[in-house]
Each structure stands twice: as structure tokens, then as C-alpha cells.
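Right, one structure below, let's go through it.
So you know, we letter chains A, B, ... as the sequences are listed, proteins then strands, and number each from 1.
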There are 2 protein chains.
Amino acid sequence: MSANHSNRLSASEIDKSSPLPYHYQLREILRAEIVAERWRRGDQLPSEHQLCDMFQVSRTTVREALDALVNEGLLTREKGLGTFVADPKFMETWTGSAIGFSDSITQQGYLIETKVLELDIKPAPLRIRQELNLQAHEDIVYLKRLRYILKQPILIVTSYMPARLFPGMTEIDFTVNSLYQTFRREYNIPVTRVKRSIEAIAADEDIAAQLDLPLGFPIMFIENTAYTDGGTPIEYYNAWRRGDKSRFQFEYSQPHPSGER
Amino acid sequence: MSANHSNRLSASEIDKSSPLPYHYQLREILRAEIVAERWRRGDQLPSEHQLCDMFQVSRTTVREALDALVNEGLLTREKGLGTFVADPKFMETWTGSAIGFSDSITQQGYLIETKVLELDIKPAPLRIRQELNLQAHEDIVYLKRLRYILKQPILIVTSYMPARLFPGMTEIDFTVNSLYQTFRREYNIPVTRVKRSIEAIAADEDIAAQLDLPLGFPIMFIENTAYTDGGTPIEYYNAWRRGDKSRFQFEYSQPHPSGER
DNA sequence: CGAACCATCTTGTCATGACAGGGTGACATC
DNA sequence: GATGTCACCCTGTCATGACAAGATGGTTCG
């Protein structure tokens with residue numbers, strides 16, 4: 001229907017010597033084409049067989065990569081026709097940059113104080129390795145911070161970052177530097193995408209003690225993975241926030257009134 | 001570590017003569033075990049090889065079925081260990097097309113039951129008038145619902161809608177009809193944008209009693225305003241959800257790099 | 001007794017090959 | 001020109017086989 005794209009990729013290849021799985025590499029190559037809008041809404045991708053030839057991998061691998069992107073909503077498949085770039089999703093209509101709590105607070109003129117509880121280099125637990133796509137025995141920078149507003153402890157964050165990407169990070173003073181600003185300014189690695197989940201839990205003994213709250217106090221627990229260009233994960237964090245002092249706000253619009261299901 | 005289940009399935013088999021794909025049949029068989037709670041949180045599933053034997057299909061097919069359920073959040077996999085029933089969270093995922101609560105839950109295969117506690121027309125309180133852009137003395141439709149999953153009360157919602165836009169709404173049976181579907185089907189008013197905020201609070205006496213929880217239990221409190229085309233607000237609601245059974249998940253990509261935290 | 005090792009379980013990754021079934025367009029036929 | 005057929009593209013489904021890598025528990029060795 002709509003005009004087809006050039007089918008030409010920007011000189012990306014699958015590194016067969018890399019420890020990263022082929023399907024992962026391919027997925028990120030394709031994702032890059034889409035987010036850079038070299039492939040646009042409605043464009044047809046090369047067929048699975050063509051992708052096999054282009055990247056010298058089996059159809060199993062190609063389908064695994066495509067599956068993931070279809071699942072994320074970036075692609076759609078049509079039997080007998082082909083695979084297409086999907087309509088853009090709500091992510092782009094996310095309002096503003098004030099995603100988190102700290103932003104809205106600083107915008108209101110309050111001062112945030114930070115105490116660094118731990119900052120060092122460690123071996124990465126498996127869970128973290130998977131989330132950050134690290135190979136075995138790769139080290140991570142571990143940063144644990146306690147953050148205060150009006151002298152009150154509000155938030156505990158434990159961050160994990162691949163040590164390989166951030167040399168010398170243990171020398172940085174995070175009582176005054178924001179983490180994401182450091183990524184961008186010191187390492188020239190901007191955060192371009194985050195995946196996040198939020199739940200409400202009761203404070204256990206550990207968390208209650210650190211936030212100076214009674215046991216069972218409502219806490220917002222946040223898991224977050226941050227990615228930079230090309231889909232490389234660069235940070236995973238867990239955060240525990242005082243529920244009564246935190247609020248997440250966001251908007252979500254639907255691009256067009258499709259109204260199915 | 002934890003006790004294992006019986007590994008016995010309720011006499012379900014894959015119908016090889018059915019036009020339904022094997023992986024689909026298997027997925028639904030497994031899902032049934034989970035939603036019926038014959039397999040519980042933390043239980044280990046039979047290994048992939050065992051499932052192959054049990055259902056006489058290839059590992060490709062087994063993995064395809066498991067993949068789907070992992071993706072839905074019903075299962076988790078651990079390399080070297082096995083596949084397990086996930087902590088049941090009634091996730092609201094913001095990557096798909098679902099905007100309402102019931103959509104995202106029913107997509108996970110759970111059945112929602114609804115009890116309508118109140119449905120009538122009232123004058124609008126000031127707070128609501130402002131949120132819905134109403135004039136003084138304009139009436140609203142007030143709908144208070146208690147919603148159950150697996151016979152457990154999970155969620156209380158109080159909705160406010162301009163009575164002017166929804167004539168005859170008090171006659172609709174909301175034990176079977178979803179609110180947003182009603183907007184679209186009965187009134188031809190689709191929800192195209194929502195603005196939402198989330199906090200973690202402790203259950204007060206009222207909420208605790210209605211959700212059958214102890215006082216102080218962690219609750220997710222959600223405020224939501226829904227808009228239709230042109231930005232007209234059509235509904236405002238407050239919702240209180242069991243924190244331990246709820247999780248919000250979403251992705252956020254940034255076109256411009258300005259990550260603050 | 002403690003540490004190192006290894007057999008054996010698990011899921012993760014990848015290739016190859018096959019056929020089914022939907023969609024499209026060229027072509028022959030009416 | 002309208003219509004129907006059919007080769008040929010596409011994705012969907014499924015089997016088989018192989019090896020890697022993480023986890024576990026027992027055994028062996030110091």
C-alpha cells in the first residue's frame with residue numbers, strides 16, 4: 001500500500017564473536033532503524049528469508065528477534081503479506097520530563113540532599129546480569145543512595161551499572177551529582193529509554209529502619225532499567241519511596257481512535 | 001526448596017486433529033492450571049522435556065507456549081533451575097492498546113467479577129466539577145464498584161461522569177459491562193487520552209473493611225481523568241487497589257535527552 | 001571437615017528442514 | 001472487461017538435533 005523503504009541497513013552487522021546472542025543483536029539493529037525513523041510507520045521489513053541472508057543467521061534467530069519487537073508493539077506481522085513497522089505508541093506522548101519525584105520536588109523549589117551509602121565495584125548477580133545483558137564475571141558499579149527532602153529521608157535507591165561503560169565512576173561525588181546527568185556529561189551516554197514497574201508494598205524491617213518509618217508503612221517499590229541509543233541497557237535500579245510523599249503522574253493517549261477488541 | 005506440586009494435569013490433552021495450533025492449546029492448558037490455582041505461586045512446572053513427553057510435542061512448541069505465558073507475566077524462567085508460576089500480579093501494562101483496567105486483566109486470562117455498590121445521579125462536588133470542566137449545578141453520574149479477581153476483592157473504583165453526556169446510564173448493568181466499552185459502544189464516545197497519578201497509601205478503616213484487609217495494608221491509590229477527542233473530559237475516577245496484587249508497568253522513550261533524577 | 005570436582009539436571013541459543021495456509025498479481029479463459 | 005486459476009511470495013507451525021551455560025548435589029581428595 002504505502003511506499004516501500006530502501007531495504008538498506010546502516011552498515012550494521014551481527015558480531016558472531018560477541019557473547020551477546022544473535023537474536024538480541026539483530027533485535028537492537030532493527031530497533032535502531034525504527035527509532036531513528038529510517039523505517040517509518042507502515043514500512044515493510046525485508047522478509048524473514050531476506051533477513052536470514054542479510055545477517056547470515058537462521059530463521060529461528062530472525063523470528064526470535066522479530067517476536068520480541070512485535071511483542072513490544074514496534075512491529076506487526078501479517079500472514080501472507082509481511083512484517084511492518086507498527087503505529088507509534090503512547091511513549092512519545094508521555095508528558096514532560098518530570099517523570100519522577102525528585103524533579104517535581106526541585107521544580108517546587110525544595111532541596112534534595114543525598115547521602116551515598118555505598119559506591120564500589122562488585123561482581124554482578126545473575127538477575128542483574130540478565131537485566132543489563134552482561135557476560136559472566138563482568139563487574140558492575142554498585143551505588144546505594146539515601147535521599148532527603150527537608151531533612152527527611154524519602155527514598156532509597158540501589159543502582160547497578162556495567163563497570164566497563166563507566167570507568168572511574170567510583171571517584172565521583174554523588175552527593176552533589178545526579179546520576180543521569182553524570183552519564184550524559186562525563187561519559188556522553190544519554191538515557192533515551194526506560195522500562196519501569198511500580199508496586200505498593202509494606203516496609204520491611206530493613207527499609208523501615210533506613211527511612212525512619214514504622215514497620216509496614218506503605219512504600220512505593222520501583223524497578224527500572226535505563227537504555228541508551230541502540231537499546232544498550234546501562235543502568236538497573238530498585239527504589240523504595242515513602243508512599244505518602246511520592247506520586248507518579250503521567251498521561252497516555254491513543255494515536256488514533258482504533259477502538260478494536 | 002518449596003514443596004512441589006503434583007505434576008499431574010487435569011486430563012487435558014492436545015487435540016492433534018484440531019485446527020488450533022499445538023502451542024496455543026498447550027498455552028491455554030497451562031494457563032488454566034494457573035488461574036484455577038491448581039498450580040500456585042512459586043510452584044515449579046514440569047521441565048520442558050517433560051512437557052514434550054507429556055503432550056507429545058516438540059520442544060519448539062513447548063517453548064512457544066511458555067514464551068507467551070512468561071511474556072504475560074504468569075510464569076518466570078530461571079536458567080539452570082526451571083520454570084515457575086510467577087507471583088500473581090494483576091499487571092497493568094501500558095505498552096499495548098488496553099487503556100482500562102478490565103482490558104489488561106482479561107488479557108491475562110483472569111475473570112473479573114464486579115459488584116455495583118452505587119449508581120445514581122448527584123450534584124457534582126467542586127473538586128469533580130473542576131476536573132471535568134463542569135458548570136455549577138451540573139449533575140454527574142456516580143458509579144461505585146467493587147471488583148473481584150479469583151473471588152478476592154482487589155479494587156474499589158468510584159467514577160464520576162457528566163450526566164449531560166451519558167443519558168440513561170443509570171439503567172446499564174455494570175456487573176457485566178465495562179465502563180470504557182460502554183462509552184464507546186452505547187454513546188460513541190471513545191476514550192483517547194488519560195491522565196493518571198499513582199500513590200502508595202495505607203488502608204484506612206473504610207477501605208480495609210471493603211477490601212477485606214487489615215488496617216494499614218499497602219494500597220495503590222489512583223486518580224484518573226479520561227478524555228475523548230478534542231480534549232473533553234468525560235470521566236474522573238478514584239481507585240484503591242490491593243498493593244500486593246497490582247503492578248504498573250510501562251516504557252518511556254525520550255526523543256530529546258533531558259533525563260533528570 | 002572443608003574444598004574441589006563432576007555428573008546431571010535445568011533453560012538458553014541456534015541451525016536445518018519441512019509443510020500449511022493466507023495474499024497477490026500475472027495469466028488464461030469466458 | 002470480468003472472472004477464475006495458479007505460481008509464488010509471505011508468515012505460521014512444528015520436528016529434530018545440537019551445544020552452551022547456570023544450578024545442584026553427591027563424591028572425591030586434600
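The residues B:Glu48 and B:Arg63 are annotated as salt-bridged, a charged nitrogen and a carboxylate oxygen being separated by less than 4.0 angstrom.
The nearest whole Å value for the distance from the CG atom in A:Leu66 to the C1' atom in D:dG12 is 13 Å. Protein atom CD of B:Glu48 is 19 Å distant from nucleotide atom P of D:dC19, rounded to whole Å. Protein atom CZ of A:Arg63 is 7 Å distant from nucleotide atom P of D:dT13, rounded to whole Å. The separation between A:Lys16 atom NZ and C:dC14 atom P is 9 Å, rounded to whole Å. One interatomic measurement links the two molecules: CG of A:Leu20 to C1' of D:dA20, which rounds to 15 Å at whole-angstrom precision.
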B/S/- along nucleotides 17-24 of chain C (protein heavy atoms under 4.0 Å) is -B---BSS

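Contact annotation: A:Arg77 side-chain N/O to D:dG12 OP1/OP2 distance is under 4.0 Å. Residue A:Thr83 places at least one side-chain N or O under 4.0 Å from the OP1 or OP2 atom of D:dT11. For C:dT10, one of the phosphate oxygens OP1 or OP2 lies less than 4.0 angstrom from a side-chain nitrogen or oxygen of B:Ser47. The phosphate of C:dA15 has OP1 or OP2 within less than 4.0 Å of a side-chain N or O from A:Thr61.
No side-chain heavy atom of B:Asp15 sits less than 4.5 Å from a side-chain heavy atom of B:Leu20. Within the 4.5 Å cutoff, no side-chain heavy atoms of A:Glu235 are placed close to those of A:Thr225. Using a 4.5 Å heavy-atom threshold, the side chains of A:Tyr142 and A:Lys144 count as touching.
Toward the 5' end of DNA chain D, the nearer of the two residues B:Val57 and A:Arg129, judged by each one's closest nucleotide, is B:Val57.
Side chain of A:Tyr160 to main chain of A:Leu143: no donor-acceptor pair is present (N/O by atom type, distance under 3.5 Å, no hydrogens or angles).
Residue B:Met220 comes nearest to A:Glu199 through the heavy atom pair CE-CA, 3.3 Å, listed as atom of the first residue, atom of the second, then distance.
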